[in-house]
Each structure stands twice: as structure tokens, then as C-alpha cells.
Amino acid sequence: MSLLALQRDAWSAPFFDAAGEGRLLILQCGNCQRFSAPQARHCGFCSSTQLAWVESGGRGEVITWTTPHRRENGTTAAAYVVAIVQLDEGPWMYVHGAPDVALVAGQRASITFTAVADGEPLPVLGVDS
Amino acid sequence: MSAFGAIAGLGMTAMGKVYGRSAEDFADEAVTSACEDAGLALSDLDGLLVNAGAMKGVNLRLSKRLGLRDLRLAADVQSFGSSAGVMVQTACLAIAAGMATTVACVFADDPLSEGVATGARYAGKADQLSGLGALPVAVGLRGAVAGYAMAARRHMTVYGTTSLDFAEVAVSARSWAVMNPHAQMRKPLTVDDHQQARMIAEPFRLFDCCLVSNGAVAVIVTSADRARDLAQPLVTITGMGQSHPDYPMDGRSRFGLTTGAVESGRQAYEMAGVTAEDIAFAELYDCFTFTTLVSAEDYGFCAKGEGGEFFRSGAASPGGRLPINTGGGQLSGYYMWGMTSLSEAVMQVRGQAGERQVSRHDLALVSGNGGTFDDHSTLILANAE
């Protein structure tokens, strides 16, 4: 299985509640108003802890990616893609992609969520054709 | 140029697929032989710094096993791949402050088990993933290869670096390793071999990735004054630096483009009163081919984005103008984290590197790199004060 079950903790509960409804939350600083990635505990710009969950548009561009391979019949095959997407609001998100997705830097992309057995929904990559 | 300390002793165990011995067994042998190498007794040590590798199999209990008494400095150090440099720097600072006179710094690890896949040993028992900090792992960012592959991919997309550039790094490292009796991989390697090897995580193929080794390496750090009267040719530490950049998780991040080597190198050059042009040879931390390439750029050995061309020119290979990773590094030599770079630099500065000895060995740069470009250390070594 290329996605692993991830459990929520107190901090991530609002994030995963929204993810279950297909919405991507990021953090906005109450002090400088700038956006931080969901795992931030201090604002990435001014270090304030006055962070509030806000909804992201869920769109951005591909910064970089890798395609891990698995061994198969004496050779290897692409297992899946993991990519960093820079949201239009600024923060970076790690997302999961299908093994056959063809990527170039700067490619427009969207983030949606997929259900995972025994865990929270996880972000997956969609690319504009 | 004044010295902040000296490396008076070097101890190395057998490294690689060496089974049936624990990390503590290896560490004991490395420290004991480093003392012998320096012409010191274990009882001369008044400091011990220990860096455990991936298996976390060694710690300060080592001092009891070695019978060390009345130490004035003792610590487990964990700055990941930058730890060797961090330990030597910490020892130098303690010596300069008068807290200690003779400090052993040791790395030891035992990830290889006969008949057990290394990946399984490294992965260990799967922990339950919890919270947003674990989200990258949950979506597929597992193990060091994937993280470095993403860094490399970004460099490729911005600077036009290619897999053929990475091949040049691997081939250069191997061309040194064939001359190194300590090296695990001594069969010549071609660009074609690199390109045909199996894919691990795009863009990295097998020979883009470092080895895995059991073993230990230790060094003895003391003052330059004291080292001059000991058994080995003088190896002084004239420049030191660290950088722990913590890339922001947003558009400001230079992840994959520049590394901690920029700032760590700047500090070390300034302290030593030298520039990149003065360096005779460099031992760069090489967990992956890309790490060597981007480090060479960041230390100013070539322009940003021209790392591939630099290695293709042969500059870093035997006979080149700036020999790099003259023992084969961790790609082809042995995987002792930052002790790989440091041990080779010590042998070269002393003039004891045998067939692979570089002709100019008066000034060396040694790097360490840990995490996914999170932690960086630099040492500049010289053969005089």
C-alpha cells in the first residue's frame, strides 16, 4: 500500500475534519496575516503562535517530486509519486500522486483528499491537462 | 592562520559487511586504536564524544567499557550526518576553554545483519503515524532516498542538471575508491553502468546512493602544541563552521537549490583566512551523488548550477585540479557518516594515503551533512599551524 494510515492528534483534528469534507485547511497568522503550512506551530514569517485555520483554494503549482520504484520481475516499476505543491496562498504541501502522472516544474495542480483505511483522509495530486 | 586544535589520532575498524560485532565492539576498537595511532594511552583521554548511527547502538556507556575515569567532557552527540564535524568542533572549543586536553570523538553503527535486508533493518518496527508532522511519510516520503531525490529533482528543473551529471560524480568517486584498500567498492564504474543500474527513486539510480556499512571510526582531538609532540604528522583544525538552515515550508525555500554548505563554508573560510581557491582537496559528505554536486557548488568550487560540468571536466577525479572524495566517499568507500570524509582527509593531510595520495595536501575542506540538508558542518584542516 503506497498510502499509510495516519492518525489525528489534537492539533490536526480541525484539518482532518475539513479534509473529510474535501476541504484543505492551512494556517493564517493573526499577527502578520501571512499563511503557513498546516503543521506549523509558529507563523513561518513572524513566529507568532496566533494561528487560525482558514480554507485554501486547494490549487497551486508543482515544485518538485520523486517517483519511488519497487522491484518487479527482475526490473523495477514506478510505485507512486510524492510531490511538493506550492499552494497559491504560499505554503508547501506534500501530496501523493499516481505512478503514471507526468510532471514538469511549475505545472498547475490541485489537491483533493482520498480515504485511507484505518486512518485520516490524505492529500492527493491532480494535474491540469 | 592559527589552529583551534589538532587531530592527533585516527582509528578505523574493518568496515562494511563485518558481522558478529556490535556497534559498541566497533567503537571500543576504534577509540583504542586511535589512541595507539596518536602515541597515547586510553588513560590520557579526558573527553569522550559519541555519535551513534542509524541503529543507535552506542552511547556514553562506552566510557565504562573503555575504563575511562575522571572525564571532564562527555556527551552523546546527534547532529546526524554533520556530527563528526560537530564533535571535533565541540572538542576544540572545550580544549580552547581549558575544560579538556585530549578528546576522543567516535562514530559507530551496525546496520548490517547477515541474511537480513538492510531496508528492513533501517525501517525497523513501523510506528503508528500520528499528526501532520507525519503526513509526508503517510503520502510516500519514506526513507532518505525519496527526500534527497526531491531535492535533486528541483535542482534539475531549475539548473538543468541531469542524471548524466550525477553519473559523473559516481564515476569520479569510484575512480578514487579503486585505489583505497579501505573501500567496499573497488571495481571500476562507467557512466553506462550508472545509467543501466536499477532505479531506486527517480531521478536516483542505484549508484546515486551511498553504501551501508558496519564499523566505527574515531579521532583524537588535542591542542596543536600537544599534537606536535605526538606520534603522527601534524593535522591542525584552522577553520570551523555549522549551518542548520531549516528551510521554510513555502515559496521562500531554497530546498534542493542551495544548502547549509554556503553559510557553514563562509564561516570556516573566514576563520581560516582562506578562500575556495586555496583549498588543495575536499572531502564532501556524499549520501547521494547530488549531495556531492550541490556541495561543490555551495563551497564555491564551481558556479551555482555548474556542478555537473565541474565533475565532467575531471577536476575532482585523480589528476584533477581539485581532488574530491579521494577515498571514494560514502558512495564507493565506506558509510561512516561524516567520519568517512574526516578519516580520508586526515590520511591525506598526513601524506599517508598510499596509491591515492594527492600531491598537494596542505589544506583540506571536510563537510558533513545530515537530515535532508537540515544540518551542515565544515572543518578546514592544514598540515601546519
Side-chain angles (χ1 to χ4, degrees), chain A residues 2-12 15-16 34-41 44-45 60-71 74-84 86-87 89-97 103-106 114 116 118-120 122-125, chain B residues 117 119 123 126-161 163 196-206 208-209 245-257 288 290 372-373:
Chain A
S2 53
L3 288 167
L4 296 180
L6 178 67
Q7 310 306 319
R8 66 173 59 198
D9 55 13
W11 179 259
S12 59
F15 177 89
F16 287 118
R34 284 179 281 199
F35 297 103
S36 289
Q39 73 274 22
R41 304 303 286 264
F45 294 86
E61 64 178 54
V62 173
I63 297 294
T64 189
W65 67 96
T66 182
T67 312
H69 279 228
R70 57 186 156 76
R71 294 206 202 210
T75 177
T76 71
Y80 55 85
V81 163
V82 54
I84 294 173
Q86 180 170 320
L87 295 168
E89 294 88 352
W92 284 9
M93 287 286 300
Y94 282 94
V95 295
H96 183 86
L103 296 177
V104 293
T114 191
V116 179
D118 304 319
E120 299 292 345
L122 292 176
V124 294
L125 177 71
Chain B
D127 293 327
Q128 190 181 57
L129 300 177
S130 173
L132 288 163
L135 186 141
V137 175
V139 300
L141 188 72
R142 289 164 214 148
V145 188
Y148 279 87
M150 292 182 90
R153 175 68 75 189
R154 190 172 190 215
H155 196 277
M156 294 166 81
T157 63
V158 171
Y159 297 116
T161 302
S163 175
Q196 285 173 17
R198 71 184 165 92
M199 194 68 83
I200 305 294
E202 294 177 37
F204 287 158
R205 295 179 177 277
L206 183 64
D208 290 310
C209 306
D246 188 23
Y247 300 100
M249 277 296 288
D250 59 52
R252 295 168 297 170
S253 176
R254 296 282 297 164
F255 175 72
L257 305 180
F288 298 94
F290 170 66
T372 310
F373 295 116

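Residue numbering restarts at 1 for every chain, and letters A, B, ... go by the order of the sequence lines. When reading the values below, keep in mind they use all heavy atoms of this one structure, side chains included, and skip hydrogens, waters and symmetry mates. Predicted model only: the values in this text are computed from it and were never measured.
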query: What part of A/Ile84 gets closer than 4.5 Å to chain B, counting heavy atoms only: side chain, backbone, both or neither?
result: both
query: Taking all non-hydrogen atoms of both residues, which atom of A/Tyr94 and which atom of B/Met249 are closest, and how far apart?
result: CE1-CE, 3.8 Å
- prompt: Under a 4.5 Å heavy-atom cut-off, does chain B meet the side chain of A/Arg70, its backbone, both or neither?
  reply: neither
query: Rounded to the nearest 0.5 Å, how far does OG1 of A/Thr64 lie from CZ of B/Arg154?
result: 7.5 Å
message: I'd like to know which of B/Ala134, B/Pro248, B/Pro136 tops the heavy-atom pair count under 4.5 Å against chain A.
response: B/Pro136
message: For B/Asp246, is the CG atom crowded, meaning more than 12 foreign heavy atoms sit under 6.0 Å from it?
response: no
message: Quick one, A/Thr66 and B/Tyr148 - any side-chain contact, counting heavy atoms below 4.5 Å?
response: no
- request: Identify the heavy atoms of A/Ser12 and B/Gly131 that sit nearest to each other, and give their distance.
  value: OG-CA, 4.1 Å
task: Taking the side chain as every heavy atom from C-beta outward, state whether B/Arg142 and A/Leu4 have any pair of such atoms under 4.5 Å apart.
output: yes
- prompt: Are side-chain heavy atoms of B/Leu135 and A/Pro123 found at a separation under 4.5 Å?
  reply: yes
task: Considering non-hydrogen atoms only, spot the tightest contact between B/Val139 and A/Leu3 and give its length.
output: CA-CD2, 3.9 Å
- line: Tightest non-hydrogen contact, residues A/Ala5 and B/Leu129, listed as O-CB, 3.6 Å
Test log, rule side-chain contact (heavy atoms from CB on, under 4.5 Å), inputs A/Phe16 and B/Leu132: CA-CA 10 Å; A/Phe16 287 118; B/Leu132 288 163; 4.1 Å; yes
A/Ile63 versus B/Thr157, closest heavy-atom pair with distance: O-OG1, 4.5 Å
statement: Rounded to the nearest 0.5 Å, the CD atom of B/Gln128 sits from the CG atom of A/Asp118 at a distance of 10.0 Å
statement: One option among B/Ala146, B/Pro203, B/Gly256 has the most heavy-atom pairs under 4.5 Å with chain A, and it is B/Ala146
task: Find the one option among B/Arg153, B/Met199, B/Met156 whose heavy-atom pairs under 4.5 Å with chain A are most numerous.
output: B/Arg153
- prompt: Which bit of A/Trp11 comes within less than 4.5 Å of chain B, counting heavy atoms only: side chain, backbone, both or neither?
  reply: side chain
query: Given side chains that start at C-beta, do those of A/His69 and B/Phe204 come closer than 4.5 Å, heavy atoms only?
result: no
- request: Quick one: closest heavy-atom pair of A/Leu6 and B/Ser130, and the distance?
  value: CD1-N, 3.6 Å
task: Please indicate whether A/Arg71 has more than 12 foreign heavy atoms, meaning atoms of other residues, nucleotides or ligands, lying under 6.0 Å from its CZ.
output: no
- request: Compare all side-chain heavy atoms of A/Phe45 with those of B/Asp250 and state whether any distance is below 4.5 angstrom.
  value: yes
Options A/Gly119, A/Gly90, A/Ala77, ranked by heavy-atom pairs under 4.5 Å with chain B, top entry: A/Gly90
